[in-house]
Amino acid sequence: MSDIVLRPAELTDSDRLFQWRNDPQTRAASRKPGGLGRAEHQAWLEDAVSRPDRQLLIAEVDGVAVGTVRADRGDEGCEISWTVAPAARGQGIGQRMVLQLVAQLEGRLWSEVRSGNQASSRIAESAGMRLVEQKEGVKYYVRDAR
Ligand SMILES: CC(C)(COP(=O)(O)OP(=O)(O)OC[C@H]1O[C@@H](n2cnc3c(N)ncnc32)[C@H](O)[C@@H]1OP(=O)(O)O)[C@@H](O)C(=O)NCCC(=O)NCCS
């Protein structure tokens, strides 16, 4: 398969990010399972692309957007989260794009994965994070600072 290119998300990615975010499987995997309105999404994206503590990236294969991966920097390191476009799932994209981002990051990383989300657990593990806690249906994965 062709290389994955990660580029910063832009406001012109609004439609695709909105569709991916409101996809039923994405909602089921999310901390906030309810659907999101268009205006709320737009405000979220405008904030996301402008804040220095958030890296919101679009993964592309041969110029086609296939997913998004995000790093949110806080006092305790970066939280990593991801979504693959519905049409691009099950092809190794999630694993490759997350690995590509975390390979560029120093310091402590962590991710929250809902307990039934086996594909995301695999992704977290193959990105070098280990399961440290499981509570209330959520698994917490951490990679220590290096
Ligand atoms: C979960 C999600 C990110 C997986 O992305 P993907 O590109 O389809 O996953 P990959 O093809 O890279 O597969 C990753 C691993 O999970 C496994 N896998 C893929 N789909 C799976 C499934 N439905 N059930 C169990 N394992 C699965 C793969 O075999 C692979 O494991 P391996 O390395 O042992 O072979 C994608 O389905 C998605 O965006 N879902 C909705 C949103 C979401 O769950 N976001 C993550 C929140 S933490």
Side-chain angles (χ1 to χ4, degrees), residues 1-38 40-45 47-49 51 53-105 107-145:
M1 193 198 277
S2 306
D3 287 347
I4 289 187
V5 174
L6 296 181
R7 62 157 176 89
E10 299 168 357
L11 294 180
T12 50
D13 292 305
S14 185
D15 285 353
R16 64 171 57 93
L17 286 169
F18 184 66
Q19 283 164 14
W20 299 349
R21 188 166 181 165
N22 278 343
D23 157 72
Q25 234 185 298
T26 311
R27 299 300 352 128
S30 171
R31 278 183 293 210
K32 294 183 209 155
L36 193 70
R38 187 69 216 213
E40 200 183 343
H41 168 71
Q42 193 64 29
W44 173 85
L45 181 59
D47 177 64
V49 297
R51 55 193 296 173
D53 57 350
R54 174 165 284 173
Q55 203 179 357
L56 178 64
L57 302 170
I58 300 289
E60 290 183 342
V61 173
D62 295 331
V64 176
V66 291
T68 180
V69 58
R70 194 170 101 199
D72 287 307
R73 189 166 292 283
D75 293 341
E76 296 182 3
C78 278
E79 179 179 6
I80 311 297
S81 51
W82 53 82
T83 302
V84 173
R89 290 176 187 162
Q91 302 168 39
I93 302 269
Q95 209 154 47
R96 290 167 66 211
M97 69 179 189
V98 172
L99 197 55
Q100 204 161 309
L101 174 62
V102 305
Q104 302 166 14
L105 298 172
R108 183 174 180 274
L109 306 179
W110 57 280
S111 286
E112 293 183 9
V113 175
R114 291 187 80 84
S115 295
N117 193 341
Q118 289 178 22
S120 285
S121 286
R122 289 287 307 134
I123 289 171
E125 285 160 4
S126 60
M129 292 186 260
R130 68 180 201 291
L131 181 62
V132 293
E133 194 180 4
Q134 179 168 7
K135 66 175 182 201
E136 292 164 10
V138 178
K139 290 180 173 175
Y140 296 84
Y141 287 88
V142 170
R143 186 196 77 184
D144 293 325

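Computed over heavy atoms, backbone and side chain alike; hydrogens, waters and symmetry mates excluded. For ligands, and for the atoms within them, numbers begin at 1 and follow the listed sequence. All figures in this text were calculated on a predicted structure; none of them were measured in a lab.
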- Flag for W82-S120: side-chain donor and acceptor within less than 3.5 Å: yes
- What are the two closest non-hydrogen atoms of A65 and R16, and how far apart are they? CB-NE, 3.3 Å
- Short N-O contact, D75 and R108, less than 4.0 angstrom: no
Under 3.5 Å: N/O of [X] near N/O of ligand 1:
X    : answer
A88  : no
V84  : yes
R122 : yes

- Select the closest option to atom 42 (C) of ligand 1 among I93, V113, L99, T26, judged by heavy-atom distance. T26
- Item | The one among S120, S30, A119, P24 that brings a heavy atom closest to atom 18 (N) of ligand 1 | A119
- Message: Would you say atom 35 (O) of ligand 1 makes contact with the protein, given that contact here means a non-hydrogen protein atom less than 4.0 Å away?
- Response: no
- Message: Would you say atom 28 (C) of ligand 1 makes contact with the protein, given that contact here means a non-hydrogen protein atom less than 4.0 Å away?
- Response: no
- In Å, rounded to the nearest 0.5 Å, how long is the span from CD of E112 to CZ of R114? 10.0 Å
- Under the ring pair (Phe, Tyr, Trp, His ring centres under 6.0 Å) test, which residues partner Y141, sequence neighbours left out? none
- Message: So if I count the atoms of ligand 1 from 1 in the order they appear, which ones are less than 4.0 Å from some heavy atom of N117?
- Response: 1 (C), 43 (C), 44 (O), 46 (C), 47 (C)
- Task: Please tell me if the side chains of E10 and D13 come closer than 4.5 Å, counting only heavy atoms from C-beta onward.
- Result: yes
- Sub-4.5 Å side-chain heavy-atom contact between Q100 and L57: no
- Task: Assess G90 for proximity to ligand 1: is some non-hydrogen atom of it under 4.0 Å away?
- Result: yes
- Is there a heavy atom of E112 sitting under 4.0 angstrom from any atom of ligand 1? yes
